[in-house]
Amino acid sequence: MTWLTRLMQKVIALKRIEVVDANTSIDWAEKQEWRDWGPPLDLVRGESYRQKALQQLAGKPRVNGYLGPVLDVDRKILAQYEVSWPPYEGEGVQDNPSTKIYTNLDFPPRKVPEPPGYYLGKYYTKYVDTVKELKRTREYEKAEQLLLALVDAVEAESKAKNWVVAPWYYEQLAIIYRKQKQLDKEIAILQRYAAQQLDTSSINANPLLIRLQNLQANSQ
């Protein structure tokens, strides 16, 4: 009898637990129904302090998420999760998480058959946190690859639905090019934005268009 079994027996003895009916079919595994389930909630205790231990279990970050079996965890790895919460001062610093954890990610150009607004099977807004993290870790080349693909998705949706483009993705590319002192690329992405369908109600106050005008004036 495992400690978990004993614990559950104690809980049941203290309080009656009503178990709801199963929400899956009996042959869910054979039918691979789990492929259509939503992602698990982000409830990993101490996640930000145990990146090294998590990567030992799940591997490097992957753009399309993870799909791996549940395994018996080595006690040495499991011990790395036994921390207080909130952590004490300095706790977890021995992990020394790498700032290059996104090195193995690949962001290929967007494929035309994808639905408007989608990239690698996900809607473009789902990549906002990934872009921010790539910038935070100074993976500017990866961020540029991803953002260029997302801009293609944004423009495809704009044309298909006849509405304005989302400016955030162009702006992030312009910021990256400014950091890398790539003036030609910064002007080019802003010109690409200016050529799209925009909100005409505030066209004169559009910060990206103003930025483009200033860059063009200073480059002459």
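All of these numbers come straight from a predicted model, not from anything done at the bench. Both backbone and side-chain heavy atoms feed into the values below; hydrogens, waters and symmetry mates do not. In what follows, residues are counted from 1 in the order of the sequence shown.
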Novice: If you compare all heavy atoms of Glu157 against all heavy atoms of Pro116, which two are closest, and at what distance to 0.1 Å?
Specialist: CA-CB, 3.7 Å
Novice: Determine the minimum heavy-atom distance between Leu134 and Lys142, stating which atoms define it.
Specialist: CD2-CB, 3.9 Å
Novice: Check whether any side-chain heavy atom of Val154 sits under 4.5 Å from a side-chain heavy atom of Trp168, and report yes or no.
Specialist: no
Novice: If you look at every heavy atom in Lys135 and Ala143, which pair is closest and at what distance?
Specialist: CG-CB, 4.5 Å
Novice: Does Leu120 offer a backbone N or O that forms a donor-acceptor pair with the side chain of Glu114 under 3.5 Å?
Specialist: yes
Novice: Flag yes if Tyr193 and Trp163 sit in one hydrophobic cluster, no otherwise; membership is Ile, Leu, Val, Met, Phe, Trp, Tyr, and two members link when side-chain heavy atoms are under 4.5 Å apart.
Specialist: no
Novice: Taking side chain as C-beta onward, heavy atoms only, is Val151 less than 4.5 Å from Gln196?
Specialist: no
Novice: Treating Ile, Leu, Val, Met, Phe, Trp and Tyr as nodes and any side-chain heavy-atom pair under 4.5 angstrom as an edge, say whether Ile175 and Leu183 lie in one connected cluster.
Specialist: no
Novice: Roughly how far, to the nearest 0.5 Å, is the CG atom of Asp152 from the NZ atom of Lys111?
Specialist: 14.0 Å
Novice: What closest approach, in Å, do Gly117 and Ala156 show between heavy atoms, and which atom pair accounts for it?
Specialist: N-CB, 4.5 Å
Novice: Taking all atoms of both residues into account, what is the closest heavy-atom pair of Tyr118 and Arg110, and its distance?
Specialist: O-NE, 2.7 Å
Novice: Check the orientation of Tyr124 and Tyr169. Use parallel for under 30°, tilted for 30 to 60°, and perpendicular for over 60°.
Specialist: perpendicular
Novice: Working to the nearest 0.5 angstrom, can you tell me the gap between Glu186 CD and Lys179 NZ?
Specialist: 11.5 Å
Novice: Between CG of Asn206 and OG1 of Thr200, what distance do you get to the nearest 0.5 Å?
Specialist: 11.0 Å
Novice: Are the side chain of Tyr119 and the backbone of Tyr127 linked by a donor-acceptor contact shorter than 3.5 Å?
Specialist: no
Novice: Near Gln191 CD, under 6.0 Å, is it more than 12 heavy atoms from other residues, nucleotides or ligands?
Specialist: yes
Novice: Give a yes or no on whether Val164 and Leu212 share a hydrophobic cluster (residues Ile, Leu, Val, Met, Phe, Trp, Tyr; joining criterion: side-chain heavy atoms under 4.5 Å apart).
Specialist: no
Novice: Measure the spacing between CD of Gln216 and CD1 of Ile187 and express it to the nearest 0.5 Å.
Specialist: 6.0 Å
Novice: Can you name the one residue among Gln182, Glu144, Gln172 that meets side chain to side chain donor-acceptor pair (under 3.5 Å) with Tyr177?
Specialist: Glu144
Novice: Out of the candidates Leu190, Leu147, Ile189, Leu208, only one should pair with Glu171 under the side chain to side chain contact (heavy atoms under 4.5 Å, CB included) rule; please name it.
Specialist: Leu208
Novice: For residues Ile210 and Leu198: do they belong to one hydrophobic cluster (side chain heavy atoms under 4.5 Å, members Ile, Leu, Val, Met, Phe, Trp, Tyr)?
Specialist: no
Novice: How many angstroms lie between atom CZ of Arg192 and atom CG of Leu173, to the nearest 0.5 angstrom?
Specialist: 8.5 Å
